[in-house]
Every structure is written in structure tokens, then in C-alpha cells.
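What follows is a short report on a single structure.
Numbers restart at 1 for each chain; the letters A, B, ... are given by sequence-line order, proteins then strands. Being a predicted model, the structure only gives us computed values, none of them experimental.
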Amino acid sequence: MNDDNLIERYHPADRANHWLTAITFILLALSGLALFHPAFFFLSHLFGGGPWMRILHPFIGIVMAVSFYFLAHRFFADNLMTAADWQWMRQLRDVITNHDERLPEVGRFNAGQKLLFWVMIATMLLLLLSGIVIWQPWFAPYFPIELIRVAVVIHSVSAFALMLGIIVHIYAAYWVRGTIRGMTRGTVPRAWAKHHHPGWYRQVTKGTK
Amino acid sequence: MALQSLDITARSATTTPSPEVRQTEKVAKLIDISKCIGCKACQVACMEWNDLRDEIGTNHGVYDNPLDLTDKSWTVMRFSEVEVEQGKLEWLIRKDGCMHCADPGCLKACPAPGAIVQYANGIVDFHEENCIGCGYCITGCPFNIPRISKKDDKAYKCTLCSDRVGVGLEPACVKTCPTGAIVFGSKEDMIHHADERIVDLKSRGYKNAGLYDPPGVGGTHVMYVLQHADQPELYHGLPKDPHISLWVELWKGILKPFMSLGLGVATLTAFFHYVTVGPKETPEDTDEHPQGAHGPRKEAP
């Protein structure tokens, strides 16, 4: 594929930031599930056993929170919902049945991606705050027990919402063919951009074509 | 601490039944507060039997010493000066420690398989070798009992001397109590003994005397005879109706199974969406011709 056919979608710094967040998320999801349900406790072996998992989980969480903070900054402006996005959401049926031609024009990100962005903002914040409250042995002893009890519930519900969001995110990246290379190589074919993100395509090619 | 001669009824973070064919009698420790003189011999016996030596603290101007339970002080005397009747001072001394709930919140909350077990005789025991130090047992406990050691990040609490009980001995605190305020035996016998004590206390004017065996946690294997059973809070805040927090019930009873299932269902839904609806392809005719007429978007599959 010649370079002429490719356009840049994600800057190298975007990609590094995205993948740091993604790797820490995977580690947190695996260790978090192990701490959540015994069916997943075997995953603790990936972290060197239960105590090491308990020690590492919150520190990895801090890395994810910081990494996501910068990621959110990078993508904030492109994730504001528009009227067309709400229309897109109402036509979710057309989205999942691949009737893209019936959908309103999509910019850099579609409404699904934007919704995930806001779900991530909310859940990351809740996970960070509730995580500090239940962090043994450093911070938990300083919080009242009732707050800790609420925090474990908030932590698990937020983690669940985030994991559902990421399952959709990973599947959508695979489902919409050609998407993954945008985040691994940074470039996407023009045809992909034209078809899936026409608004963004017009914007980035304005004046050059 | 582990002693495999004791049979297990429940095991933390384990969703299948534990070996429980052999049935042993339910035991209980009965603490008669009306007989306690606050000598703390039980605290000493606990330290001796369990080889625990807490830090030497400072005097806080009260009899409570140490001031709170710690990873090395599994039982402490709680001294309360109260006036239930105007002008009649009462000194209520409660031996605090694990209550060994029939429905243990610590065990329900614990995420580490086998770190907390409940023996067939009712004793709830921590197996520290499996403990990961997360503190969920503290979150689950309605009596504020478990303490995490700063030395090894493991949770500790009264074992009801499971190692002694397993070989037919009474707990160390029971053995040492000079007034017979602490007795030990089958739960049935202890309830019977308590009934006699309550009759005696009532005959001496404690009309609200009663047994503390709170049903909210399924009953406990450490029970109190209280002079004022209608006001357990008088005894250094002993909860009137203890139960596992609704937040913990929500977390472990509902969220734990259903959210785990939800993640599995979501993953399978994605898979079946792919194999039924199929991927979103980019129309091919535009792929290789960036300058040319890109195909009408209607050609999308």
C-alpha cells in the first residue's frame, strides 16, 4: 500500500498513551476480577500470587489513572456530543445491523466512541476515588468503615461498567475492519476514513485535495 | 490457625461445598458479664497460649489496656461506667473479641480461597497462609474485629483456640478465668446455662437480663449474658441488632455473581454478533483509488 493511500489518524504519542492505558487496564481487569469472584482467582498467579496481586493492583491503578488523564486531554475536544451523535444513538439498530448508509455523517469519532469516552471519564474517576478509600494498608485505615463499604460497591460497579465498555470497544475495533491499524500503525486507508468517518476525512484533507 | 482435624462447613471464596460429611457438635463460649471482675487474666492467657506479645503501650487514663483490639491482642476488656438507674453507677466490663458468627461477614467478603473457614463446630478461623491482606474481612465484619498486622499484612483475630478445641480442650481464656465468668461447651448447653444465670439475675433485680446471641448474624458462638440485654449498646457499643451490612450483601450476594455473568454474556454477544451479522467492511472499490471516484456509500454491506 503506497503512502498516498494512507492518512494519519493517531499521532505516535496518542498511540503510546492509548496503549499504556490499555495495558494497565488489562492488568487491572485481570487482577480486579481475581479479587471479585473466586472463579477468576486463578488469575492471581499471573501477578505472582494473591498478596503480590493485592500489592500491585492499586499501583497499576494509579498508572492507569495518570495515563488516562493525559489521554482524556488529547481526545477531549473530539468527543463532545453533537445533535448528529444523538441521532446516531437513536439509530443504534442500524449501527449494529451494518446499515451505515442510513446513519448521519460521522466526524473523527462516532457517537459510540464518544459515549465510551464519557463512560471512561466517569468510571475512571469513581475507580480512582473509591480505590484510594479501600487501599490496604496505606489509606483504608483512615476512612470510616461505612464509607469503605460504599466504596467497594462503587469500585466494583464502576469496574463492571468500564469492562463492559471496553468489551464493546475491543469488539468494535475488530468488527469495523481496518480500525485496529489506526491505533497500532497510526494510519488508516483513505477509503476507510471516507466510509467510516467522512466528516473527519473532509476535515483532514481540506486544502490538500 | 489451621488444624485439619476440625471439619469445615464453609470456606471463603469457594462456591462448592466444603468437606462436611462428618458432623460435630456446635460449640459456644458464654461470657457472663455479671460475673466479670475485669482482671484481664483472659487477655494474658490468650497472649500466652497464642504466643502473642503486643507492644507495651501507654496509660490512657482508663482501665482499657490496650485501648483497642490489635493484630496481637485478640481480646480486650472494655470498661464502661454507666448509670442505668439515676444515682446507681454500674461498671460493665465486656470481654471483646471475635463473636464467631454463624453467618460470618468476614468469610462472605473474603476473596482469597480458604483464607477464612468456618468449622462444623461453629468456630470461624483465619488461615493466614492464604490471606492476601486486602482487608475485605474488616469491611464484612459487623463487630469491627479483624486487624491487619503491620508486620506481615495478614489479618488476625480470636481463633476461639480452635487448636485447643480440636483436641478436646477449652479455650485458654476459659481455662484461666478465676470467677467462672467465661464458660465453654456445646452451644445448647451454654444457652441452657445462660437461662439459669438470667433467672438468677432477674431474681436480683436485673429485670432486663438476657442472652446476647444476635439472630441478625445467625446467632454467634461467643455469647454474652447481659444484665441489660435490652440495651447492649451500654456495653461499649455492642450492636443491638448486628447484621452484615447491606452494602456487603449487595456486593457479595448480587453484584458478584450477576456482574461476572454479565461480562461473560457481553463477550459471547459480541462473538455471536460477529458470526451472524458480520463485520463492517470498507467498500473495496474505493480502497485502492484514493484519487478516483469513491464508490457510493450505499454499497456498504
Side-chain angles (χ1 to χ4, degrees), chain A residues 1-2 4-6 33-41 44 49-55 95-101 134-137 140-141 145-146 148-153 156-157 159-160 163-164 167-168 170-172 174-179 189-196 198 209, chain B residues 12-15 109 111-113 115 130-136 138-141 144 148-150 153-154 245-248 250-251 255-260 262-263 266-267 269-271 273-274 277-291 294-301:
Chain A
M1 215 179 265
N2 58 55
D4 224 22
N5 193 33
L6 294 171
L33 283 170
L35 285 162
F36 186 61
H37 195 293
F40 303 113
F41 194 78
S44 61
W52 265 116
M53 178 179 69
R54 183 267 305 163
I55 292 165
V95 177
I96 60 176
T97 53
N98 293 342
H99 287 297
D100 295 16
E101 72 283 358
I134 60 177
W135 191 343
Q136 287 282 1
I145 189 70
E146 275 304 320
I148 292 175
R149 286 170 181 154
V150 173
V152 291
V153 170
S156 53
V157 171
F160 174 66
M163 280 190 243
L164 276 188
I167 287 170
V168 175
I170 293 171
Y171 174 63
Y174 182 74
W175 171 39
V176 183
R177 310 300 292 163
T179 301
R190 287 174 182 279
W192 181 93
K194 260 183 246 176
H195 182 66
H196 298 293
K209 293 285 159 208
Chain B
S12 58
T14 306
T15 44
N130 296 328
C131 174
I132 64 170
C134 65
Y136 287 3
I138 298 169
T139 310
C141 178
N144 183 24
I148 292 183
S149 166
K150 287 190 168 59
D153 285 325
K154 307 289 183 195
S245 161
L246 286 177
W247 292 105
V248 175
L250 170 68
W251 176 36
L255 300 180
K256 178 176 126 179
F258 288 105
M259 297 200 311
S260 303
L263 292 176
T267 310
T269 304
F271 177 80
H273 178 265
Y274 192 82
V277 178
K280 276 195 202 294
E281 303 278 9
T282 302
E284 253 181 52
D285 58 345
T286 63
D287 212 344
E288 302 298 323
H289 308 285
Q291 313 291 350
H294 48 80
R297 293 179 64 220
K298 295 278 186 269
E299 280 181 20

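- Proximity to chain A involves both the backbone and the side chain of Leu255(B), based on heavy atoms less than 4.5 angstrom apart.
- Chain A forms the most heavy-atom pairs under 4.5 Å with one residue out of Gly262(B), Gly278(B), Ser12(B), and that residue is Gly278(B).
- With a 4.5 angstrom heavy-atom cutoff, Tyr171(A) touches chain B only via side-chain atoms.
- Between atom OG1 of residue Thr97(A) and atom NZ of residue Lys280(B) there is a gap of 7.0 Å, rounded to the nearest 0.5 Å.
- Thr282(B) OG1 to His196(A) NE2: the interatomic distance, rounded to the nearest 0.5 Å, is 3.5 Å.
- Between chain A and the residues Ala266(B), Gly135(B), Cys134(B), Gly140(B), the largest count of heavy-atom pairs under 4.5 Å involves Cys134(B).
- Phe271(B) CZ: 12 or fewer foreign heavy atoms inside a 6.0 Å radius.
- For Ile145(A), the part sitting under 4.5 Å from any heavy atom of chain B is the side chain, from C-beta outward, and nothing else.
- Taking chain B as the reference chain and counting heavy-atom pairs below 4.5 Å, the highest number among Leu33(A), Val150(A), Ile170(A), Ile134(A) is found for Val150(A).
- In terms of heavy-atom pairs under 4.5 angstrom with chain B, the leader among Ala140(A), Pro51(A), Pro137(A) is Pro51(A).
- For Lys150(B), no part lies under 4.5 angstrom from a heavy atom of chain A.
- Within the 4.5 angstrom heavy-atom criterion, atoms from both the backbone and the side chain of Ile138(B) approach chain A.
- Ring orientation note: the planes of Phe40(A) and His37(A) are nearly perpendicular, at an angle over 60° on the 30°/60° scale.
- In this structure, Phe36(A) has its ring center at least 6.0 angstrom away from the ring center of Phe160(A).
- With hydrogens and angles disregarded, a donor-acceptor distance shorter than 3.5 Å links the side chain of Trp192(A) to the backbone of Arg177(A).
- In this structure, the portion of Ile148(B) lying under 4.5 Å from any heavy atom of chain A is its side chain and not its backbone.
- Using a 4.5 Å cut-off between heavy atoms, Ile167(A) touches chain B through its side chain atoms alone.
- In this structure a side-chain-to-backbone donor-acceptor pair under 3.5 Å is present from His273(B) to Ile96(A).
- Contacts between Val168(A) and chain B at a heavy-atom distance below 4.5 Å are absent for every atom of the residue.
- We find the CD-CG distance between Glu281(B) and Asn98(A) to be 9.0 Å, quoted to the nearest 0.5 Å.
- In this structure, chain A has heavy atoms under 4.5 Å from both the backbone and the side chain of Val277(B).
- Formation of a donor-acceptor pair under 3.5 Å by the Asn130(B) side chain with backbone atoms of Ala112(B) is not found in this model.
- Each of Ile148(A), Val152(A), Leu164(A), Leu35(A) has some count of heavy-atom pairs under 4.5 Å with chain B, and the biggest count is that of Val152(A).
- Of the atoms belonging to Phe41(A), it is side-chain heavy atoms, and not backbone ones, that fall under 4.5 Å from chain B.
- For the pair Arg54(A) (side chain) and Ile132(B) (backbone), a donor-acceptor distance under 3.5 Å is present.
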